[in-house]
Novice: 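Dropping the structure in here first, questions after.
The shown structure was predicted, so the numbers you read here are calculated from the model rather than taken from an experiment.
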Amino acid sequence: MTQRGVSVINTKLKPFYMKRMYALSLLFSVLGLTLCLFETNAQEPPLSDRIVFEEIDGILSVEAEYFYKQTHDEQRKWYVTHKENLPNVGRDEDTPHIFESSNNAYLEVLPDTRITHDDKLIPGENFSNEPGKMAILYYKVAFKHPGRYYVWVRAFSAGGEDNGIHVGLDGTWPDSGQRMQWCEGKHKWHWESKQRTEAVHCGEPWKIYLDIETPGEHEIMFSLREDGFEFDKFILAKGTTFVPEGQGPAATISNGKLPTAFEKVSENFKFN
Ligand SMILES: [Ca+2]
Ligand SMILES: [Ca+2]
Ligand SMILES: [Ca+2]
């Protein structure tokens with residue numbers, strides 16, 4: 001009897017609660033979607049891990065902004081800059097550099113609290129001489145031709161404390177991927193493939209490479225060395241004959257579909 005009574009009350013109350021539950025869930029969905037869109041606009045990877053970049057004739061070309069995952073981003077994080085998005089996440093004193101970036105977009109690891117030698121160097125915060133510790137980007141790639149691939153990165157360096165990065169392969173950080181360094185080509189997008197050494201702080205050529213042992217899918221990673229690093233694109237090139245020029249070859253994929261390119265900007269473009 002009691003059970004039947006409860007049951008009757010519940011049945012009568014059901015539409016009342018259901019309407020409110022429905023309204024609440026709708027509200028949370030809209031709020032969630034808004035936050036999600038905001039977040040996506042700010043920093044989320046644009047690609048799913050189903051998109052795999054492909055090596056063709058010994059060249060693998062990838063836009064930095066097309067990473068599929070980012071980890072270890074508590075202290076510093078990679079943010080994309082393009083015509084519709086200027087990150088605003090703390091100190092970053094130089095101007096944006098969309099003009100002449102490949103695909104009209106690039107990444108920067110922010111905030112940038114060590115801009116000159118006078119700013120305090122804080123390992124684990126604005127610097128990591130060890131690879132794989134901070135702000136790691138991940139890219140799915142596929143090779144047809146195993147072998148030694150030299151890593152080229154197109155970067156924009158405005159000072160002496162924004163010009164280093166590490167590169168790794170399949171969860172490992174080999175010696176030959178540590179301390180990529182830029183000294184030449186300041187204040188413009190510039191390809192380089194040099195390793196900072198004790199002997200040569202500006203870096204030695206042909207020391208940054210990854211050995212691809214097997215054909216098929218692999219994962220390339222990049223991690224922070226210096227905050228404020230601006231990262232446009234990377235190329236893995238088999239052998240030492242290839243030297244990239246301009247914006248480098250277009251990215252090629254083995255499966256999936258790349259998003260539409262970001263909108264081009266003029267040299268005088270400024271965010272409002
Ligand atoms: Ca900057
Ligand atoms: Ca810096
Ligand atoms: Ca780019």
Novice: What is the minimum heavy-atom distance between Pro87 and Thr81, and which atoms define it?
Specialist: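 Scanning both residues, the minimum pair turns out to be CD-OG1, 3.2 Å.
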
Novice: Take Asp94 and Glu108 through the test side chain to side chain contact (heavy atoms under 4.5 Å, CB included) and record every step on the way to the result.
Specialist: CA-CA 11 Å; Asp94 57 344; Glu108 183 167 6; 4.1 Å; yes

Novice: Determine yes or no for a side-chain-to-main-chain donor-acceptor pair under 3.5 angstrom, with Arg76 supplying the side chain and Pro111 the backbone.
Specialist: yes

Novice: Within the structure provided, determine whether Val265 and Phe271 are in side-chain contact (heavy-atom separation under 4.5 Å).
Specialist: no

Novice: How many angstroms lie between OG in Ser61 and NZ in Lys233, if you round to the nearest 0.5 Å?
Specialist: 4.0 Å

Novice: Is the shortest heavy-atom distance from the side chain of Leu210 to the side chain of Pro174 under 4.5 Å?
Specialist: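 SC-SC contact between Leu210 and Pro174 confirmed.
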
Novice: Rounded at 0.5 Å granularity, tell me how far OH in Tyr139 sits from CG in Leu60.
Specialist: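 Taking OH in Tyr139 and CG in Leu60, the distance rounds to 11.5 Å.
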
Novice: Examine Phe156 together with Tyr106 and report whether their ring centres are nearer than 6.0 Å.
Specialist: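 No, the ring of Phe156 stays outside the 6.0 Å limit from the ring of Tyr106, centre to centre.
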
Novice: Donor-acceptor pair, distance only, cut-off 3.5 Å: does the side chain of Trp189 make one with the backbone of Ser102?
Specialist: no

Novice: On a heavy-atom basis, which atom in Lys133 and which in Ser128 lie closest, and how many Å separate them?
Specialist: CB-OG, 3.6 Å

Novice: Quick check on the hydrophobic clustering: are Val62 and Val151 connected, directly or via other members, by side-chain heavy-atom contacts under 4.5 Å?
Specialist: yes

Novice: What do you reckon, is NZ of Lys186 surrounded by more than 12 foreign heavy atoms closer than 6.0 Å?
Specialist: yes

Novice: Hey, mind stepping through Asp112 and Glu93 against side chain to side chain contact (heavy atoms under 4.5 Å, CB included) and telling me if it holds?
Specialist: CA-CA 8 Å; Asp112 183 14; Glu93 293 186 2; over 6 Å; no

Novice: Might you point out which heavy atoms bring Ile59 and Ala237 nearest each other, and give the distance in Å?
Specialist: CD1-CB, 3.8 Å

Novice: For residues Trp191 and Phe229: do they belong to one hydrophobic cluster (side chain heavy atoms under 4.5 Å, members Ile, Leu, Val, Met, Phe, Trp, Tyr)?
Specialist: no

Novice: Using modelled atom types and a 3.5 Å cut-off, is there a donor and acceptor pairing between side-chain atoms of Arg114 and backbone atoms of Glu125?
Specialist: no

Novice: Does atom CG of Asn255 have more than 12 heavy-atom neighbours, drawn from other residues, nucleotides or ligands, at distances under 6.0 Å?
Specialist: yes

Novice: Tell me whether Ile212 shares a hydrophobic cluster with Ile208, the cluster being built from Ile, Leu, Val, Met, Phe, Trp, Tyr side chains joined at under 4.5 Å.
Specialist: yes

Novice: Decide if the gap between the ring center of Tyr209 and the ring center of Tyr150 is smaller than 6.0 angstrom.
Specialist: yes

Novice: If you compare all heavy atoms of Thr214 against all heavy atoms of Pro146, which two are closest, and at what distance to 0.1 Å?
Specialist: C-CG, 3.9 Å

Novice: Can a donor-acceptor pair be found between the side chains of Thr113 and Asn126 at a distance below 3.5 Å?
Specialist: yes

Novice: Find out if a path of hydrophobic residues (ILVMFWY) with successive side-chain heavy-atom gaps under 4.5 Å connects Leu258 to Leu236.
Specialist: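 Same cluster: Leu258 reaches Leu236 through Ile, Leu, Val, Met, Phe, Trp or Tyr contacts under 4.5 Å.
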
Novice: Decide yes or no for Phe67 and Tyr138: does some side-chain heavy atom of the first lie under 4.5 Å from some side-chain heavy atom of the second?
Specialist: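 The answer is no; the side chains never approach within 4.5 Å.
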
Novice: Heavy-atom distance under 4.5 Å between the side chains of Val153 and Phe231, does that happen here?
Specialist: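 Result yes, sub-4.5 Å side-chain heavy-atom pair found.
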
Novice: What is the distance from atom OG of Ser193 to atom CD1 of Ile235, rounded to the nearest 0.5 Å?
Specialist: 10.5 Å

Novice: Looking at side-chain heavy atoms only, is the closest gap between Met221 and Trp173 below 4.5 Å?
Specialist: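 Yes, side chains in contact.
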
Novice: Please report whether the ring centroid of Tyr149 lies less than 6.0 Å from that of Phe143.
Specialist: yes

Novice: How long is the straight-line distance from SG of Cys202 back to CG of Asn163, given to the nearest 0.5 Å?
Specialist: 8.0 Å

Novice: Dump the intermediate steps for side chain to side chain contact (heavy atoms under 4.5 Å, CB included) on His82 and Glu263, then the final yes or no.
Specialist: CA-CA 8 Å; His82 55 79; Glu263 199 178 334; over 6 Å; no

Novice: Between the side chain of Gln70 and the main-chain N/O of Ala135, is any donor-acceptor distance below 3.5 Å?
Specialist: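 A pair under 3.5 Å: no.
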
Novice: Locate the shortest heavy-atom distance separating Glu204 from Thr197; write the atom from each residue and the value.
Specialist: OE2-OG1, 2.6 Å

Novice: Judged by modelled atom types alone, do Asp170 and His218 share a side-chain donor-acceptor pair under 3.5 Å?
Specialist: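 Yes, because at least one side-chain N or O of Asp170 sits under 3.5 Å from a partner of the opposite role on His218.
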
Novice: Indicate yes or no: at least one non-hydrogen side-chain atom of Arg196 is less than 4.5 angstrom from one of Gln178.
Specialist: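 Not touching, per the 4.5 Å side-chain cut-off.
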
Novice: So which heavy atom on Phe262 is nearest to which on Asn104, and how close?
Specialist: O-ND2, 2.8 Å

Novice: Answer yes when Lys144 and Glu54 have at least one side-chain N-carboxylate O distance shorter than 4.0 Å, and no when they do not.
Specialist: yes

Novice: Phe53 vs Tyr66 aromatic rings, parallel, tilted or perpendicular, using cut-offs 30° and 60°?
Specialist: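 Taking Tyr66 first and then Phe53, their aromatic rings lie parallel (interplane angle under 30°).
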
Novice: Applying a strict under-4.5 Å side-chain criterion to I, L, V, M, F, W and Y, I'd like to know whether Leu169 and Leu137 cluster together.
Specialist: yes

Novice: Do we see a donor-acceptor contact under 3.5 Å between the side chains of His145 and Glu55?
Specialist: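 Side-chain D/A pair, His145 to Glu55: present.
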
Novice: With a 4.0 Å cut-off on N to O distance, would you call Lys69 and Glu219 a salt bridge?
Specialist: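 Looking at Lys69 and Glu219, the cut-off is not met.
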
Novice: How long is the straight-line distance from CD of Glu230 back to CG of Asp92, given to the nearest 0.5 Å?
Specialist: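 Answer rounded to 0.5 Å: 7.0 Å.
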
Novice: Do Asn129 and Arg179 have side-chain heavy atoms sitting under 4.5 Å apart?
Specialist: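 When only atoms from C-beta onward are counted, Arg179 and Asn129 do touch, with a gap below 4.5 Å.
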
Novice: Rounded at 0.5 Å granularity, tell me how far OG1 in Thr71 sits from NZ in Lys77.
Specialist: 10.5 Å

Novice: Hey, mind stepping through Met134 and Val109 against side chain to side chain contact (heavy atoms under 4.5 Å, CB included) and telling me if it holds?
Specialist: CA-CA 10 Å; Met134 295 176 65; Val109 64; over 6 Å; no

Novice: Verify the neighbour count for atom CG of Asn88: are there more than 12 heavy atoms of other residues, nucleotides or ligands below 6.0 Å?
Specialist: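 Counting other residues, nucleotides and ligands, CG of Asn88 stays at 12 neighbours or fewer.
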
Novice: Does the side chain of Gln75 come within less than 4.5 Å of Ile122's, by heavy atoms?
Specialist: no

Novice: Asn103 and side-chain hydrogen bond (donor to acceptor under 3.5 Å, both in side chains): which partner among Glu63, Glu65, Gln247?
Specialist: Glu65

